[in-house]
Visitor: 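Before anything else, here's the structure in question.
These figures come from a predicted structure and were not determined experimentally.
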Amino acid sequence: PIFPFQDEESSAVASLSPFIFPRQMKLSHSSEQMYLVFCNLSTRFFRVFFLNDTFKASLDVHTEAVQAALAKYKERKMPMPSKRRSVLVHSSVETYTPPDTSSASEDEGSLRRQGRITSTPFQSHSNVEPWLNRVIQGSSTSSSASSTSSHPGGKPAAASNTATVTAAATVLADLMVASVRGVPRGYNSSILETADGVPVNSRVSSKIQQLLNTLKRPKRPPLKEFFVDDFEELLEVQQPDPNQPKPEGNQMNVLKGEPLGMVTNWPPSLLAALQRWGTTQPKAPCLTALDTTGKAIYTLTYGKLWSRSLKLAYTLLNRLTTKNEPLLKPGDRVALVFPNSDPVMFMVAFYGCLLAELIPVPIEVPLTRKDAGSQQIGFLLGSCGVTLALTTDACQKGLPKAQTGEVVTFKGWPRLMWFVIDGKHLAKPAKDWHPQVRDASAEIAYIEYKTSKEGSTVGITVSHASMLAHCHALTQACGYSEAETLTNVLDFKRDAGLWHGVLTSVMNRMHVISIPYALMKVNPLSWIQKVCLYKARVAVVKSRDMHWSLLAQRDQRDVSLSSLRMLLVADGANPWSISSCDAFLNVFQSRGLRPEVICPCASSSEALTVAIRRPPELGGPPPGKAVLSMNCLSFGVIRVDTEEKLSVLTVQDVGQIMPGANVCVVKVDGTPYLCKADEVGEICVNSGATGMAYFGLLGITKNVFEAIPVTAAGVPVSDQPFTRTGLLGFVGPDYLVFVVGKLDGLMTVSGRRHNADDVVATALAVEPMKFVYRGRIAVFSVTVLHDDRIVLVAEQRPDASEEDSFQWMSRVLQAVDSIHQVGVYCLALVPANTLPKAPLGGIHISETKQRFLEGALHPCNVLMCPHTCVTNLPKPRQKQPDVGPASMIVGNLVAGKRIAQASGRDVTQLEDNDQARKFLYLADVLQWRAQTTPDHPLFLLLNSKGTVASSASCIQLHKRAERVAVALLEKGRLNVGDHVALVYPPGVDLIATFYGCLYAGCIPITVRPPHPQNLATTLPTVKMIVEVSKSACILTTQAIMKLLKSKEAAAAVDIKTWPTILDTDDMPKKKLAGIFRPASPDMLAYLDFSVSTTGILAGVKMSHAATSALCRSIKLQCELYPSRQIAICLDPYCGLGFALWCLCSVYSGHQSILVPPLELESNVSVWLSAVSQYKVRVTFCSYSVMEMCTKGLGTQTDILRVINLSCVRTCMVVAEERPRITLTQSFSKLFKDLGLSARAVSTTFGCRVNVAICLQGTAGPDPTTVYVDMRALRHDRVRLVERGSPHSLPLMESGKILPGVKVIIAHTETKGPLGDSHLGEIWVSSPHNATGYYTVYGEEALHADHFTARLSFGDTQTIWARTGYLGFLRRTELTDASGERHDALYVVGSLDETLELRGMRYHPIDIETSVIRAHKSIAECAVFTWTNLLVVVVELEGSEQEALDLVALVTNVVLEEHYLIVGVVVIVDPGVIPINSRGEKQRMHLRDGFLADQLDPIYVAYNM
């Protein structure tokens, strides 16, 4: 792939870039006649062409190819991620609008034209009717439950619905119940709404619309989907395509290299050669070192090298001692730490170690404690038992030091002694000391380090014999002769730089000019100038060096390369080296460079040099090139490209195999079978010149260094073991070796193989210069959901704008898609210079991958495409036609399963019924207590200091209630049955006014007061409840009354429409004529209003009978008597919290210690201190309170010293959700040492239709926990598994079923009864069920069955209330108080909250739990769906630069654990996810806030 150029002239310079032209050959006319390509072997596999016009034609074809590839995608816009200003670290972009719009208004226009969005002007919502309409229908926002219906492109909503929604939208957004965690931001954006009635801001909707448009197109591989509906959710296995190319050639034979020639007086070892030259030719130059200006600073002669190496050997063996023992003995390993600018010292150290029979281990200079890959190097040194490091004085001074002045111990490194080898530290050898210069043996000579794909570092051992044989083979292959000059640009510590520039050069008494990396960076032409200056015959370079010199060659007219007979290209196997070679020749042919001089070679750390192209004078065949089909290569098959002009890989040969070697190509995986002639495999070498082993790692050594290739029949091809090179390739005509990739860069996606280098080359073909740095691109694969996924990371230029970068990213995706037919899973751009670097430039891939997986890359742009890449998800579940209820029962009977039904203790047997009749009305009870025990204290209210702020005895409460009743009748002029809103902070006033209403015959509604700092969000909720409940009067304090009528309030609601507001701060002491007595116990006692987590405001009616039955059940379960004390840390406005706070003490006579949860914000220990101080046995709290204690008290040890919780028998968390086991367990663990019993903590369960269904109480067995299979739950089934098994989810029983309560599990659709341990809806029957929802028009039909449901089969007489929660009953082995087997109720989650995705039912909490585990900086998470997309909102607790790290981690974890693709990831600040007083997430508010663009997110990523 190449980027299209405008004209021929401008392309001349650009064509020099091997990266822009990753695999392209551009040749000048003068070179046309020289390359003859592939002229034998069957033309099926290789194309023959002469390089003249044919080639130019193929170039144009390529240009068109990439243009065509990208043009295909032109018309499809992708939604651009939105980012908060502060995160635009280096961007000049001024607006956030998506790439295709200039402003929001135009955008709305375009959307409206498509008929997707109907816009109505926003009306004030003082008019209540639309809202109520909504309450009855169930929130239209909760379409997550049936999100399939809201597919984009649906018809516009009906007009009536439209009006409803706009008014309700803001109301809904405002129904924010002030949270303990801080109040969310105001909601005030202009609102549109989509066809399915979701209020939405134009920008967000247009982006999601764009996203949906990109997802509409079919995925490329048509899936042969299947689904096995047992418990194994099988992932889609990629079935091989029957039409995929298969190799058809004959099995290859082992290739034999030319024999190693005999050389007269060839030294018996490398040291013998050094000794000979050092004593016979002491003045001959060995090595010239240059400084960063290119000046020669020192030339080491053979005499000096010999004498200094001797000195060093002597010093190492004789002068280094510990406790009078020599520090080193022969065979010990020694680290060589030398900078790239000091080849002289390195050479002395290397040969000094060899002379002392020590084993040098050359490594990089560690610069900081956190160098990329440094820890792994430390591991290698440790496993090699290295205790000594040699270095230079200058280098030692530059190393980081500890306070003591010693070199620090680097992370993961062993303790090292550092020895400086500069002259003054070396001792002169004693007269009688002579080193033994032995013949080359099989002992280890040196160890070369290598970092694997996974990042682990291994040491490859090379023996003296191999070293000698390799020098011999290189001398023969390259035709080296004595005293030749060679320039070396490569790292002399390892690989080709070491083999040519340090070892073979000494063998042949050559003169090496070493060019340091730092000089190349300053002057890329330096190596060419040195070739010219020293008339060098050989140069060893990488294609990068050729490329750099091309960019700088314009100012150099006088250089000549005519002296070169060999230009060794050490990375000749890379996909871009071919274009570097061609472009370099193109320019320098006119300066004396002969075409045949360029000699690419291939090598690997394990097998050393594998192949080198020889110049014709050394008998090499003409060079070859192959233009191969990428598609076939991905199946491991070699085909000359014919049809697909787009995706081809052009490769050059790397010459013939080394003298004295045998080579074959074997299959990559499993047994090393020989490949066929047209098949790509791993190249294996058998020769005396390869590495021996991985030091200390026997297992992988056997695999790699002792492979025995076999024929198809399984016959070994040789009795000699072969070494696997890690190079992927094939043998072409003339026995030329072609390499198409490396095992380290191999990514196997859905059974097809792709090469990281090829993908890099394609990415760089997309106009890279403007947006990203060349050569700073990393491509690797990560395993997600049992397959490799490709990740591409690049460094972005600081001046690239946000939109440009995004544009570039989308084009890269498209180019890779077209050319490799594979999707990129994640594309990330990071700020300049932040990717971990390899020692000599380049990117440290394994470290980059590690950071990506740990969420430590800190990208500034991310684009993920899971929708296109992940093709192995299980098939969506098809709903089977349901089995009828009768068959269900029969099935259960046959299976021996009982019907899932359970009940609490029977109330009639427990209590004398006279008392029950006497206590029918709470007003009567309070009067009776005021007469019989007037001074008995009922309530103590504590403030944040833990002191009593106010209290009430029976008589005080009675008197205050009377005064309230008088005020209502006289001042408020209310009639019996009028509704009264009580707007009070938690306290005794609230309780007194509640009973005052009962005394006056009015119906009380408790309402949380608005938050003075956040009226805009909290006041509309108050207004809404007052209006919906038709309150005729508001009772409140003077302060709140002022607030309700203030200017600030007027900005949020219409304050003129408040009903009468009375303050109860100073009421006249008047006697009440008579206390109202209801005509029947079924009359309404109070209304209980609460906002559900799905955003529906629901008020339920509680009759007098239900109220007293509720109190009686709680009294019996908790054994409450006047002598008891209980502590309550709950909000008193609705549900069980209200009942415990206001009703139970009056009914049972016990004393309640009231701790408002708000007080914990200023003193987090106030609740537990009170429990300890009053020695309370029973206490209630909410999850938010428990969380505050767990997070806030862990560190405050001084407070905790005085707290003793051994008195607590039960601590119950009041909840309307699945028990949060992790929170309750961490609370128990944390306070265990303060005496809290492990069995004390439990949870309750209630809901709108019945506020108290389960409650642990004081007697009965402990709550049990079971583990269920999360995958089965998605199919509405319960499958019990062992603790710790994969996909297991712990569920804790929600306390014991209350006396008088009956529970049954019913099928959600057929309404038939279900069997034990089957998942269904929990139905409840009890005397304290609420009698119905309170609605204005009495339109109860829609929700009637919530309170009056009957089973469709079996017991069809009993009337049940439907809780709207999924759960199951399970009979346990335990016995309850009555001696019966105990039935445990497990709540799984609210039906309204569930997400229907891929035909399965997901509970948000399960997905959220996975997400929170994904990264340490995720504080909280909430998920919801919108138009079939899963949206994940995460709160980032950390620096904003971590925000984009989370996108990939969140996507990965949800895929892995839930088989779902996340559509949108939204990163927000802590506290943005709204939470109600019970500590439940308000996911629907969050959703509305997101769609109305009110969350102020740090980053929004739209996954493609």
Visitor: Return the CZ to CG distance between R851 and D1445, rounded to the nearest 0.5 Å.
Guide: 10.5 Å

Visitor: State, without any angle test, whether Q850 and E854 hold a side-chain donor-acceptor pair at a distance under 3.5 Å.
Guide: yes

Visitor: Taking 4.0 angstrom as the limit, do R1483 and E1480 come out as a salt bridge?
Guide: no

Visitor: Is there a side-chain hydrogen bond (donor to acceptor under 3.5 Å, both in side chains) between S750 and D787? Walk through the geometry before answering.
Guide: CA-CA 7 Å; S750 316; D787 200 359; 3.3 Å; yes

Visitor: Does a donor on one side chain sit under 3.5 Å from an acceptor on the other, for N1503 and T1451?
Guide: yes

Visitor: Where do I777 and I843 land on the side chain to side chain contact (heavy atoms under 4.5 Å, CB included) test, with the steps shown first?
Guide: CA-CA 7 Å; I777 290 199; I843 300 299; over 6 Å; no

Visitor: Can you confirm whether the side chains of D1406 and T1409 place a donor and an acceptor under 3.5 Å from each other?
Guide: no

Visitor: Roughly how far, to the nearest 0.5 Å, is CZ of R1401 from CD of E1396?
Guide: 5.5 Å

Visitor: Distance alone, cut at 3.5 Å: any donor-acceptor contact between the side chains of Y825 and N1452?
Guide: yes

Visitor: Got a sec, which residues hit side chain to side chain contact (heavy atoms under 4.5 Å, CB included) with S1410, two or more places apart in sequence or on another chain?
Guide: R1413, V1453, E1457, H1458

Visitor: State plainly whether the residues K1416 and E1437 are in salt-bridge range, i.e. N to O under 4.0 Å.
Guide: no

Visitor: Roughly how far, to the nearest 0.5 Å, is CE of M809 from CZ of R811?
Guide: 14.5 Å

Visitor: Could you tell me how the ring of F1424 sits relative to the ring of F1490: parallel (under 30°), tilted (30 to 60°) or perpendicular (over 60°)?
Guide: tilted

Visitor: Rounded to the nearest 0.5 Å, what's the gap from CG on L1486 to CG on L1495? Could you check?
Guide: 5.5 Å

Visitor: Could you tell me whether the side chains of H858 and T834 share a donor-acceptor contact shorter than 3.5 Å?
Guide: no

Visitor: Return the CD to CD1 distance between E1440 and I1498, rounded to the nearest 0.5 Å.
Guide: 4.5 Å

Visitor: With S1390, which residues qualify under side chain to side chain contact (heavy atoms under 4.5 Å, CB included), at least two apart?
Guide: Y1365, D1392, E1393

Visitor: In chain order, what residues pass the ring pair (Phe, Tyr, Trp, His ring centres under 6.0 Å) check against F852, with sequence neighbours excluded?
Guide: F780

Visitor: With rounding to the nearest 0.5 Å, note down the distance linking CD1 in I1418 to CG in L1449.
Guide: 7.0 Å

